[in-house]
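Here is the structure we will look at.
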Amino acid sequence: MNEVNKTLYIPLYGKAQVSRKNIILNDKKAEEIWEKEQFPLKGKSKSKWLCYYMAMRARVFDDWTKRKMSECPDAVILHIGCGMDSRYLRVGRNAAQWYDIDFPSVIEERGKYYGETENYHMLCCDVSDSAQPDRLPESENAVIILEGISMYLQNEQIAALFAAFAAKYKKAGILMDVYTTFAAKASKYKNPVNDVGVTTLYGIDEPDSILNNSIRFVCEHTMTPDELISQLPKADKGFFGLMFAGKATRKIYRLYEYEKR
(Lines give C-alpha, C1' and ligand atoms only; values in the text may rest on other atoms or scores of the structure.)
Protein backbone atom coordinates (compact mmCIF):
# COMPACT_ATOMS: atom_id res chain seq x y z
CA MET A 1 0.00 0.00 0.00
CA ASN A 2 1.13 3.59 -0.60
CA GLU A 3 1.62 6.19 2.14
CA VAL A 4 -1.97 7.47 2.04
CA ASN A 5 -3.36 3.94 2.32
CA LYS A 6 -1.10 3.21 5.28
CA THR A 7 -2.80 5.97 7.26
CA LEU A 8 -5.68 3.51 7.80
CA TYR A 9 -3.64 1.88 10.55
CA ILE A 10 -3.77 5.03 12.70
CA PRO A 11 -7.56 5.02 13.32
CA LEU A 12 -7.51 1.20 13.45
CA TYR A 13 -5.01 1.34 16.32
CA GLY A 14 -6.93 4.09 18.10
CA LYS A 15 -10.26 2.27 17.91
CA ALA A 16 -8.69 -0.99 19.06
CA GLN A 17 -7.06 0.66 22.08
CA VAL A 18 -10.20 2.49 23.17
CA SER A 19 -12.43 -0.52 22.59
CA ARG A 20 -10.22 -2.52 24.97
CA LYS A 21 -11.00 0.07 27.65
CA ASN A 22 -14.75 -0.57 27.16
CA ILE A 23 -15.51 3.10 26.58
CA ILE A 24 -16.89 5.15 23.67
CA LEU A 25 -16.72 2.45 20.99
CA ASN A 26 -17.30 -1.32 21.01
CA ASP A 27 -15.06 -2.50 18.18
CA LYS A 28 -13.94 -6.10 18.64
CA LYS A 29 -13.06 -6.36 14.95
CA ALA A 30 -10.54 -3.51 15.30
CA GLU A 31 -9.05 -5.30 18.29
CA GLU A 32 -8.82 -8.54 16.30
CA ILE A 33 -7.25 -6.94 13.21
CA TRP A 34 -4.75 -4.88 15.17
CA GLU A 35 -3.68 -7.92 17.16
CA LYS A 36 -2.82 -9.71 13.91
CA GLU A 37 -1.43 -6.80 11.87
CA GLN A 38 0.70 -4.96 14.47
CA PHE A 39 1.66 -2.31 11.89
CA PRO A 40 4.74 -0.44 13.19
CA LEU A 41 3.28 2.93 14.16
CA LYS A 42 5.43 5.43 16.02
CA GLY A 43 5.43 8.88 17.58
CA LYS A 44 2.19 10.87 17.59
CA SER A 45 0.35 8.06 15.81
CA LYS A 46 0.26 6.08 19.07
CA SER A 47 -0.75 8.95 21.36
CA LYS A 48 -3.55 8.02 23.76
CA TRP A 49 -5.14 11.41 23.03
CA LEU A 50 -5.30 10.60 19.34
CA CYS A 51 -6.75 7.19 20.19
CA TYR A 52 -9.55 8.88 22.11
CA TYR A 53 -10.14 11.26 19.21
CA MET A 54 -10.26 8.50 16.60
CA ALA A 55 -12.77 6.54 18.67
CA MET A 56 -14.97 9.59 19.26
CA ARG A 57 -14.92 10.52 15.58
CA ALA A 58 -15.93 6.98 14.65
CA ARG A 59 -18.73 6.98 17.22
CA VAL A 60 -20.14 10.29 15.92
CA PHE A 61 -20.13 8.89 12.38
CA ASP A 62 -21.75 5.69 13.67
CA ASP A 63 -24.56 7.54 15.42
CA TRP A 64 -25.22 9.74 12.39
CA THR A 65 -25.30 6.70 10.10
CA LYS A 66 -27.77 4.88 12.34
CA ARG A 67 -30.02 7.92 12.39
CA LYS A 68 -29.92 8.26 8.61
CA MET A 69 -30.65 4.56 8.15
CA SER A 70 -33.73 4.85 10.35
CA GLU A 71 -34.92 7.90 8.42
CA CYS A 72 -34.44 6.22 5.03
CA PRO A 73 -34.39 2.41 5.38
CA ASP A 74 -34.12 1.80 1.63
CA ALA A 75 -30.99 3.96 1.18
CA VAL A 76 -27.76 2.44 -0.06
CA ILE A 77 -24.93 3.11 2.41
CA LEU A 78 -21.61 4.17 0.86
CA HIS A 79 -18.62 4.15 3.19
CA ILE A 80 -15.97 5.75 0.99
CA GLY A 81 -12.40 5.46 2.22
CA CYS A 82 -13.42 2.66 4.57
CA GLY A 83 -9.90 1.45 5.34
CA MET A 84 -10.20 -1.44 7.79
CA ASP A 85 -13.14 0.08 9.64
CA SER A 86 -15.90 -2.23 10.90
CA ARG A 87 -18.76 0.27 10.82
CA TYR A 88 -20.96 -2.23 8.96
CA LEU A 89 -20.61 -4.68 11.87
CA ARG A 90 -21.18 -1.96 14.45
CA VAL A 91 -24.27 -0.32 12.97
CA GLY A 92 -25.00 -1.54 9.44
CA ARG A 93 -26.26 -5.11 9.58
CA ASN A 94 -29.84 -3.94 8.91
CA ALA A 95 -28.87 -1.78 5.94
CA ALA A 96 -30.69 -2.43 2.67
CA GLN A 97 -27.32 -2.47 0.88
CA TRP A 98 -23.95 -1.44 2.32
CA TYR A 99 -20.80 -0.78 0.27
CA ASP A 100 -17.34 -0.37 1.80
CA ILE A 101 -15.27 1.44 -0.82
CA ASP A 102 -11.52 2.05 -1.10
CA PHE A 103 -8.43 1.58 -3.25
CA PRO A 104 -7.82 -1.93 -4.63
CA SER A 105 -4.87 -2.59 -2.29
CA VAL A 106 -7.02 -1.66 0.73
CA ILE A 107 -9.94 -3.82 -0.39
CA GLU A 108 -7.52 -6.70 -0.91
CA GLU A 109 -6.32 -6.26 2.68
CA ARG A 110 -9.92 -6.04 3.95
CA GLY A 111 -10.65 -9.36 2.27
CA LYS A 112 -8.51 -11.09 4.90
CA TYR A 113 -10.96 -10.07 7.62
CA TYR A 114 -14.35 -9.38 6.00
CA GLY A 115 -16.61 -11.47 3.79
CA GLU A 116 -19.33 -10.19 1.49
CA THR A 117 -22.99 -11.08 2.05
CA GLU A 118 -26.29 -10.39 0.30
CA ASN A 119 -26.33 -6.85 1.68
CA TYR A 120 -22.64 -6.19 2.39
CA HIS A 121 -20.21 -5.51 -0.45
CA MET A 122 -16.63 -4.30 -0.91
CA LEU A 123 -15.92 -2.13 -3.95
CA CYS A 124 -12.62 -0.94 -5.45
CA CYS A 125 -12.90 2.69 -6.45
CA ASP A 126 -10.51 5.66 -6.50
CA VAL A 127 -12.82 8.64 -5.99
CA SER A 128 -9.97 11.05 -6.74
CA ASP A 129 -10.35 9.93 -10.37
CA SER A 130 -13.32 11.86 -11.76
CA ALA A 131 -14.35 8.93 -13.98
CA GLN A 132 -14.56 6.32 -11.25
CA PRO A 133 -17.58 7.55 -9.20
CA ASP A 134 -19.68 6.32 -12.13
CA ARG A 135 -18.96 2.85 -10.72
CA LEU A 136 -20.84 3.59 -7.50
CA PRO A 137 -24.03 1.51 -7.05
CA GLU A 138 -27.35 2.70 -8.37
CA SER A 139 -30.10 3.73 -5.94
CA GLU A 140 -32.75 6.38 -5.46
CA ASN A 141 -31.35 7.30 -2.02
CA ALA A 142 -27.85 7.21 -0.56
CA VAL A 143 -26.20 7.75 2.81
CA ILE A 144 -22.59 8.71 2.15
CA ILE A 145 -19.82 8.48 4.76
CA LEU A 146 -16.60 10.39 4.02
CA GLU A 147 -14.49 9.86 7.15
CA GLY A 148 -10.81 10.71 7.06
CA ILE A 149 -10.68 11.16 3.29
CA SER A 150 -11.27 14.82 2.36
CA MET A 151 -7.82 15.94 3.48
CA TYR A 152 -6.22 13.75 0.81
CA LEU A 153 -8.31 15.31 -1.99
CA GLN A 154 -7.96 18.73 -3.57
CA ASN A 155 -11.03 20.96 -3.30
CA GLU A 156 -11.70 20.54 -7.01
CA GLN A 157 -11.73 16.77 -6.60
CA ILE A 158 -14.23 16.98 -3.73
CA ALA A 159 -16.41 19.33 -5.77
CA ALA A 160 -16.35 16.84 -8.67
CA LEU A 161 -17.20 14.00 -6.31
CA PHE A 162 -20.17 15.91 -4.88
CA ALA A 163 -21.33 16.68 -8.41
CA ALA A 164 -21.17 12.94 -9.17
CA PHE A 165 -23.30 12.22 -6.09
CA ALA A 166 -25.83 14.83 -7.19
CA ALA A 167 -26.06 13.34 -10.67
CA LYS A 168 -26.38 9.75 -9.46
CA TYR A 169 -28.77 9.99 -6.48
CA LYS A 170 -32.18 11.57 -6.14
CA LYS A 171 -31.67 12.02 -2.38
CA ALA A 172 -28.44 11.84 -0.43
CA GLY A 173 -27.11 12.57 3.03
CA ILE A 174 -23.36 13.18 3.36
CA LEU A 175 -21.14 13.48 6.44
CA MET A 176 -17.54 14.59 5.91
CA ASP A 177 -14.73 15.63 8.25
CA VAL A 178 -12.33 18.29 6.95
CA TYR A 179 -9.12 20.04 7.87
CA THR A 180 -9.02 23.82 7.72
CA THR A 181 -6.49 25.32 5.31
CA PHE A 182 -4.38 26.33 8.31
CA ALA A 183 -4.32 22.73 9.54
CA ALA A 184 -3.49 21.41 6.09
CA LYS A 185 -0.47 23.72 5.81
CA ALA A 186 0.69 22.94 9.36
CA SER A 187 0.27 19.21 8.73
CA LYS A 188 3.33 19.21 6.52
CA TYR A 189 5.35 19.50 9.71
CA LYS A 190 3.16 18.24 12.55
CA ASN A 191 0.58 15.55 11.97
CA PRO A 192 0.40 11.87 12.96
CA VAL A 193 0.12 10.92 9.27
CA ASN A 194 3.68 12.23 8.82
CA ASP A 195 4.76 9.09 10.68
CA VAL A 196 3.65 6.94 7.72
CA GLY A 197 5.11 9.26 5.10
CA VAL A 198 2.25 11.64 4.21
CA THR A 199 3.19 15.33 3.99
CA THR A 200 0.69 16.85 1.51
CA LEU A 201 -2.85 17.48 2.75
CA TYR A 202 -5.71 19.83 1.81
CA GLY A 203 -8.18 21.93 3.77
CA ILE A 204 -11.60 23.55 3.49
CA ASP A 205 -12.58 26.67 5.44
CA GLU A 206 -16.05 27.37 4.07
CA PRO A 207 -18.49 24.43 3.83
CA ASP A 208 -20.23 25.97 0.80
CA SER A 209 -17.05 26.38 -1.23
CA ILE A 210 -17.23 22.90 -2.79
CA LEU A 211 -20.94 22.89 -3.62
CA ASN A 212 -23.04 23.10 -6.75
CA ASN A 213 -26.73 23.96 -6.85
CA SER A 214 -27.88 20.39 -6.19
CA ILE A 215 -26.31 19.76 -2.78
CA ARG A 216 -26.64 22.07 0.21
CA PHE A 217 -24.77 22.46 3.49
CA VAL A 218 -26.94 21.37 6.44
CA CYS A 219 -24.94 21.95 9.63
CA GLU A 220 -21.68 21.50 11.47
CA HIS A 221 -21.32 18.71 14.06
CA THR A 222 -18.88 18.24 16.90
CA MET A 223 -16.56 15.23 16.87
CA THR A 224 -16.08 15.41 20.64
CA PRO A 225 -19.54 15.44 22.29
CA ASP A 226 -19.60 16.01 26.03
CA GLU A 227 -21.31 12.66 26.58
CA LEU A 228 -18.32 10.88 25.02
CA ILE A 229 -15.71 12.97 26.82
CA SER A 230 -17.48 12.03 30.05
CA GLN A 231 -16.54 8.39 29.42
CA LEU A 232 -12.81 9.08 29.55
CA PRO A 233 -10.78 8.18 32.64
CA LYS A 234 -11.14 10.88 35.27
CA ALA A 235 -7.48 11.90 35.01
CA ASP A 236 -7.80 12.49 31.25
CA LYS A 237 -11.10 14.36 30.92
CA GLY A 238 -9.90 17.85 31.74
CA PHE A 239 -6.82 17.84 29.53
CA PHE A 240 -8.68 16.27 26.60
CA GLY A 241 -11.50 18.78 26.87
CA LEU A 242 -9.05 21.68 26.96
CA MET A 243 -6.73 20.58 24.16
CA PHE A 244 -8.81 18.43 21.83
CA ALA A 245 -12.39 19.71 22.00
CA GLY A 246 -14.39 22.89 21.47
CA LYS A 247 -13.06 26.07 19.89
CA ALA A 248 -9.42 25.01 20.00
CA THR A 249 -10.08 22.01 17.79
CA ARG A 250 -12.40 23.85 15.42
CA LYS A 251 -9.45 25.95 14.25
CA ILE A 252 -7.99 22.84 12.66
CA TYR A 253 -10.71 20.22 12.22
CA ARG A 254 -14.44 20.32 11.43
CA LEU A 255 -17.33 18.00 10.62
CA TYR A 256 -19.86 19.02 7.98
CA GLU A 257 -23.20 17.52 6.97
CA TYR A 258 -24.65 17.97 3.48
CA GLU A 259 -27.74 16.76 1.69
CA LYS A 260 -29.43 16.51 -1.67
CA ARG A 261 -33.24 16.60 -1.70
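Computed over heavy atoms, backbone and side chain alike; hydrogens, waters and symmetry mates excluded.
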Please list, one pair per line, the donor and acceptor atoms closer than 3.5 Å that link side chains of residues 157-168 to other protein atoms, with sequence neighbours excluded.
from, atom 1, to, atom 2, distance (Å)
Gln157, OE1, Gln154, N, 2.8
Gln157, NE2, Ser128, O, 3.2
Lys168, NZ, Asp134, O, 3.1
Lys168, NZ, Leu136, O, 3.1
Lys168, NZ, Glu138, OE2, 3.0

Minimum heavy-atom distance [X]-[Y], with the two atoms named:
X      : Y      : result
Ile23  : Gln231 : CG2-O, 3.4 Å
Tyr9   : Trp34  : O-CZ3, 3.9 Å
Ile107 : Cys82  : CD1-SG, 4.3 Å
Met84  : Leu8   : CG-CD1, 3.3 Å
Glu259 : Arg216 : OE2-NH2, 2.6 Å
Pro137 : Val76  : CG-CG2, 4.1 Å

Review point. Do you know which of Ile145, Ile144, Leu123, Val127 makes side-chain contact (heavy atoms from CB on, under 4.5 Å) with Leu78?
Key: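 Of all the options given, the one that passes is Ile144.
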Review point. Any side-chain donor paired with an acceptor under 3.5 Å for Asp177 and Tyr253?
Key: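 Distance-only check passes for Asp177 and Tyr253.
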How far does [atom1] of [X] sit from [atom2] of [Y], to the nearest 0.5 angstrom?
X      : Y      : atom1 : atom2 : result
Lys66  : Phe61  : NZ    : CZ    : 15.0 Å
Ile149 : His79  : CD1   : NE2   : 9.0 Å
Asp126 : Phe103 : CG    : CZ    : 4.5 Å
Trp98  : Asn119 : CH2   : CG    : 10.0 Å
Ile101 : Cys125 : CD1   : SG    : 6.5 Å

Spell out, as yes or no, whether a donor-acceptor pair under 3.5 Å connects the side chain of [X] to the backbone of [Y].
X      : Y      : value
Tyr258 : Pro207 : yes
Glu257 : Gly173 : no
Asp205 : Thr181 : yes
Arg254 : Glu206 : no
Lys237 : Ser230 : yes
Thr180 : Lys251 : yes

Review point. Any side-chain heavy atom of Lys68 within less than 4.5 Å of one from Ile77?
Key: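 A side-chain contact under 4.5 Å is absent here.
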Check your understanding: Any side-chain heavy atom of Leu175 sitting closer than 4.5 Å to one from Leu255?
Key ->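 Counting from C-beta outward, Leu175 and Leu255 do come under 4.5 Å.
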Assigning hydrophobic clusters by single linkage (Ile, Leu, Val, Met, Phe, Trp, Tyr; side-chain heavy-atom cutoff under 4.5 Å), is [X] placed with [Y]?
X      : Y      : result
Trp64  : Met176 : no
Ile174 : Phe217 : yes
Ile33  : Val106 : yes
Phe182 : Tyr179 : yes
Val18  : Leu12  : yes

Under 3.5 Å, sequence neighbours excluded: what are the donor-acceptor pairs made by side chains of residues 48-56?
from, atom 1, to, atom 2, distance (Å)
Lys48, NZ, Asp236, OD1, 3.0
Lys48, NZ, Asp236, OD2, 3.4
Tyr52, OH, Asp236, OD2, 2.7

Point to revise | Short N-O contact, Asp100 and Arg87, less than 4.0 angstrom | key: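 No, no charged N to carboxylate O under 4.0 Å.
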Review point. Is it true that Lys28 and Glu32 make a salt bridge, defined as a side-chain N closer than 4.0 Å to a carboxylate O?
Key: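 Answer for the salt bridge query: no.
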Practice item. Show your reasoning for whether side-chain contact (heavy atoms from CB on, under 4.5 Å) applies to Tyr88 and Thr117. Key: CA-CA 11 Å; Tyr88 169 75; Thr117 67; 3.9 Å; yes
Exercise for review: Assess whether salt bridge (charged side-chain N to carboxylate O under 4.0 Å, His left out) is satisfied between Arg59 and Glu227, documenting all intermediate values.
Suggested key: CA-CA 11 Å; Arg59 174 64 183 275; Glu227 62 267 24; over 6 Å; no
Point to revise | Lys29 NZ/CZ over Tyr114 ring centroid, <6.0 Å and within 45° of normal | key: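 The answer is yes, since Lys29 meets both limits relative to Tyr114.
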